[in-house]
Amino acid sequence: MTFALIGFAAVLILILLRVPIAFAMGLVGVIGYASETSMPASLSLSARLVADGARDYGLSVVPLFVLMGLFVNESGMSREIYRAANAFLGHLRGGLAMATIAACGLFAAISGSSLATASTMSRVAMPEMRRFGYDDALSTASIAAGGTLGILIPPSVVLVIYGLLTQSSIGSLFLAGILPGILGIGFYLLAVTFVVLRRPEAGPRGERTGWGDRLRALKGIGAVAGLFIFVIGGLYGLFDWEPLNLTFSPTEAAGMGAMGTFLIALWRRKLTLRSTLRALTETAVTTAGLFSILIGAWIFSNFVNFVGLPEALVQLITENDLHPMTVMVIIIAIYIALGCVFESLSMMVLTVPVFFPVVTQLGFDPIWFGIVVVVVTEISLITPPVGLNVFIMKSVVPDVSTATIFRGVTPFWIADIFRLALIVLIPQIVLFLPRLIN
Amino acid sequence: MMARAIRLAVSLPLWLAALALFSMMVLTFFDVVARSMMDAPIPGAAEITEILLAGIVFLALPVTSLCDRHISVDLIDTFIPDAVLRWRDIGVNLVFGVLLWWPVAAGWKSAIRTLGYNEVTLYLRIPVGFIMLFISVGLAVGATAMILRSLLLAFRPQLLHAIDATSAT
Amino acid sequence: ERVLTIASWAPPTHVVNAKMWPLMIERLEEISGGTLTAKVKLNLAPPPAMSDLVLDGAADITFIFHGYNSGRFVTSELVELPGTSGSAEATSAAYWRAWDKHLRFAGEQDEFKTLAMFMHGPAHFHLTEVPSGLESIKGMKLRAPGGVGSAVIERLGAIGIQVPATKVYETLSSGAADGVIMNIDSRTGFKLDEVAPVFFEVEGGVFRGSFTALMNRETWDSLAPDVQNRLDAEFFGEPMSRAFGRLWDESDAATISATQKAGKPMIKLSDADMVTFTSVAKEVEAEVVKKVSAKGIDAQAVLDSFRADSLAIQAEIEK
Ligand code: NA
Ligand code: NA
């Protein structure tokens with residue numbers, strides 16, 4: 001156990017020295033495993049993981065969901081979503097920030113990643129909020145926080161990877177994410193309300209939209225709603241009737257969604273050869289980075305597994321006769337602490353193999369735990385000092401300081417903690433939909 | 001000129017990666033449609049997807065490495081002088097570019113061994129050893145790209161900025 | 001006390017992890033007088049990489065399903081053929097004999113110390129809807145593991161769907177496949193009861209999966225000679241193969257009674273359909289015999305003696 005903890009510390013130090021996360025985990029993993037076996041054995045195992053991890057059929061969803069998000073971007077749908085949300089909420093105090101949250105939630109329904117959600121919505125919503133004189137802290141924070149919904153509301157790359165790691169049903173995980181996602185939107189709207197109640201000047205009212213324009217704007221989200229129903233509906237046999245018989249697995253859903261978005265963008269004449277190539281190469285580069293992390297984390301978690309950390313934890317719990325809820329609170333606290341530094345994917349791949357055996361042994365539902373992990377991962381994306389969504393905002397609006405964004409994020413972070421507490425105390429929020437459908 | 005040449009050298013595989021990705025999307029679509037409506041799934045579609053996936057990752061890896069698109073954390077960078085940061089980056093890229101050659105060699109060895117076993121994929125009977133060889137080569141090019149980045153950082157930083165700029169999307 | 005590492009795969013509750021390894025560890029400790037034990041590590045690498053893991057010393061012991069390394073292990077297809085009778089215990093014991101006397105000389109496992117050759121029981125159809133007979137299989141989208149199983153269902157006119165065993169649940173629940181051929185205890189091991197409730201039984205099975213348990217050669221050579229001798233005499237080889245097969249039988253029986261208790265539809269192939277099935281099986285058999293003969297083995301003779309051994313051992317068990 002001590003050895004594994006030294007390994008974790010070594011990874012942390014390397015990461016702080018700005019060694020790419022993938023290589024930090026890979027190096028410590030190879031050395032750690034070698035010290036238990038031999039260097040040739042450890043290297044050969046790691047090389048094998050490189051060769052096999054990069055051609056795992058289940059992981060093909062990663063590039064396809066990323067690509068889908070970029071095509072959504074090119075197709076102009078993100079603008080339409082925001083316009084629709086704005087038409088209904090913009091006239092309220094803080095309404096543009098509320099519209100941002102709602103638009104992020106809608107965008108999340110067709111995007112598998114939080115970073116894509118944040119970066120896309122920032123390009124659409126940030127100029128608008130600036131135009132109406134919104135406080136930088138509120139506007140950047142609402143995008144950074146709203147963007148985290150991308151991995152909770154299905155489809156979600158992170159949920160797919162949790163499903164692959166724990167052999168849980170990806171279909172159930174997707175269903176389970178819906179209600180907590182809607183709850184998240186609600187809590188974020190409350191956070192915006194709280195901010196503008198304290199400081200009305202932070203979020204002035206926008207223009208009121210008449211009902212005619214509202215209905216016209218609503219039409220704009222037709223394509224988004226259609227895509228969501230197509231991708232998620234296809235998973236649950238919504239189109240399984242003669243002569244269509246269209247059914248697909250979660251792995252295939254990503255390809256179907258990407259193709260559907262591509263066709264919509266093509267039909268709207270929003271794609272050129274150049275922009276298509278840009279979306280494809282950008283996805284490929286991102287994919288190479290994500291797979292490096294996945295493989296590095298796998299190599300590291302093999303070392304942690306080999307030295308028996310999961311068993312040691314289980315033993316620790318049984319020896320001290322800890323209450324399951326106490327253990328869960330400790331696990332969540334560890335996640336929130338790790339979330340300060342780790343990136344979402346590496347955090348999950350590193351911790352789930354360690355905690356999952358403990359959690360299931362204690363009788364917690366694996367699907368429920370998946371959602372808890374994703375919610376704490378969402379929190380990590382906006383937790384200082386390393387919040388990837390905050391960094392994304394920083395790259396879009398370089399003139400706003402990171403400190404300002406983190407200050408703005410605080411009420412949203414607190415809202416997240418409340419949501420997390422609700423999900424832990426009332427598991428039915430997570431499990432209601434999957435149980436209803438199955 | 002030099003920047004364009006280097007950029008082109010890493011862009012060619014990247015365009016192939018883009019082609020692999022596009023093929024993967026189209027393949028999934030037609031496989032699902034053909035299976036659902038004609039009861040005629042494309043034989044070995046999942047296997048082709050796996051190979052295309054490896055193609056995407058390892059054809060794009062050189063650009064990801066050369067242009068520093070790996071996910072990393074620049075938490076303490078604000079407190080450190082730029083000159084130190086530069087040498088830190090030179091060091092990190094050089095060290096890991098060199099270290100990666102050990103898994104490359106191990107992967108190559110295991111690929112050759114697998115070729116000797118005549119192991120093939122289940123449906124399309126494609127030699128698994130060839131796929132593993134391709135992956136080893138991809139990793140080797142990625143390692144080279146990191147060493148190249150380190151050298152450029154040390155000796156021709158302007159050139160590297162030019163390459164990074166052309167890769168911005 | 002020396003602790004060996006077992007690299008395993010399949011879910012933690014699967015019979016291999018829940019019963020077989022614990023049994024082996026117990027026997028290791030007993031026979032070595034407490035100087036030797038082992039611990040199980042799950043999913044260090046994907047299933048097809050498990051043998052390389054042990055070959056390179058990243059783990060000491062593993063088990064593999066031969067079909068996952070297509071082309072590398074060929075002789076195992078012989079025992080997977082339908083048309084063999086006997087429980088998993090009987091076929092596993094007969095398998096060890098056939099391997100020890102003949103198949104090992106094809107050299108496929110020469111780099112390892114082979115601990116056991118074992119098999120799961122007959123694999124049957126698990127379908128989403130009740131079939132009217134064998135002709136219903138025609139046009140169905142079925143998941144098969146490749147090798148003999150795939151060859152048989154393709155000749156029956158089914159469309160092969162290729163997904164890893166761990167994705168079977170998703171594939172069936174989303175309707176992307178109409179069923180699967182797997183051994184009986186997969187109904188619990190992979191939750192098939194929920195997504196493919198109909199149990200469609202083919203007497204003797206559509207195929208029977210071939211497995212082996214392997215040890216790293218250097219690890220084996222490093223054991224004390226008297227421990228080696230005792231392990232070989234008392235456990236490794238036929239006793240272990242047979243014990244693993246028996247555990248699989250017990251798991252199958254538990255699954256069958258659970259399926260009955262849950263009131264899931266259980267259908268048997270009719271006599272007329274059995275005739276059709278047997279003729280298809282014979283075609284596949286001829287192909288496999290030819291393939292294995294190319295490895296320098298009198299495949300037909302080995303197959304015949306394997307089947308005879310299995311029958312004899314089964315009779316002995318039932319006595
Ligand atoms: Na999403
Ligand atoms: Na963080």
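In the text below, chain A, chain B and the rest are named by the order of the sequence lines, each starting its count at 1. Just so you know, these numbers use all the heavy atoms, side chains as well, and skip hydrogens, waters and symmetry mates. Please read all numbers here as calculations on a predicted model, not as lab measurements.
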**OP:** Measure across A/S169 and C/Y169 and return the closest heavy-atom pair with its distance rounded to 0.1 Å.
**Re:** CB-CE2, 3.8 Å
Original post:
Just wondering, more than 12 heavy atoms not from A/F432 lying within 6.0 Å of its CZ?
Top reply: no
**OP:** Heavy-atom distances under 4.5 Å only: say whether C/P11 touches chain A with side chain, backbone, both or neither.
**Re:** both
**OP:** Over all heavy atoms of both residues, which pair between C/A58 and A/A41 is shortest? Give the atoms and the distance, please.
**Re:** N-CB, 3.6 Å
Subject >> Candidate pair C/M50 and A/R48, rule side chain to side chain contact (heavy atoms under 4.5 Å, CB included), full reasoning >> reply: CA-CA 10 Å; C/M50 284 290 167; A/R48 190 68 211 221; over 6 Å; no
Original post:
Should the heavy atoms of other residues, nucleotides or ligands under 6.0 Å from CD of C/E218 be counted, would the total exceed 12?
Top reply: no
Subject >> Proximity breakdown for A/E252 and chain C, heavy-atom pairs closer than 4.5 Å >> reply: side chain
Original post:
Rounded to the nearest 0.5 Å, how far does CG of C/L44 lie from CZ of A/F303?
Top reply: 13.0 Å
**OP:** Take A/L45 and C/L53 through the side chain to side chain contact (heavy atoms under 4.5 Å, CB included) test and state the conclusion after the steps.
**Re:** CA-CA 6 Å; A/L45 170 60; C/L53 211 68; 2.8 Å; yes
**OP:** Count the heavy-atom pairs under 4.5 Å between each of A/L43, A/I170, A/T37 and chain C, then report the option with the highest count.
**Re:** A/I170
Original post:
Measuring heavy-atom distances to chain C, does A/L49 have an atom under 4.5 Å in its side chain, in its backbone, in both, or in neither?
Top reply: side chain
Original post:
Could you state the interatomic distance from OG1 (C/T5) to CZ (A/F306), rounded to the nearest 0.5 Å?
Top reply: 3.5 Å
Subject >> Atom CD of C/E129: over 12 foreign heavy atoms under 6.0 Å >> reply: no
Original post:
Using non-hydrogen atoms only, which part of A/D240 is less than 4.5 Å away from chain C: side chain, backbone, both, or neither?
Top reply: neither
Subject >> chain C contact via A/S168 - which portion, at a heavy-atom distance below 4.5 Å >> reply: backbone
Subject >> Test item: A/N305 side-chain N/O and C/L42 main-chain N/O as donor-acceptor pair under 3.5 Å >> reply: yes
**OP:** Please indicate whether C/K19 has more than 12 foreign heavy atoms, meaning atoms of other residues, nucleotides or ligands, lying under 6.0 Å from its NZ.
**Re:** no
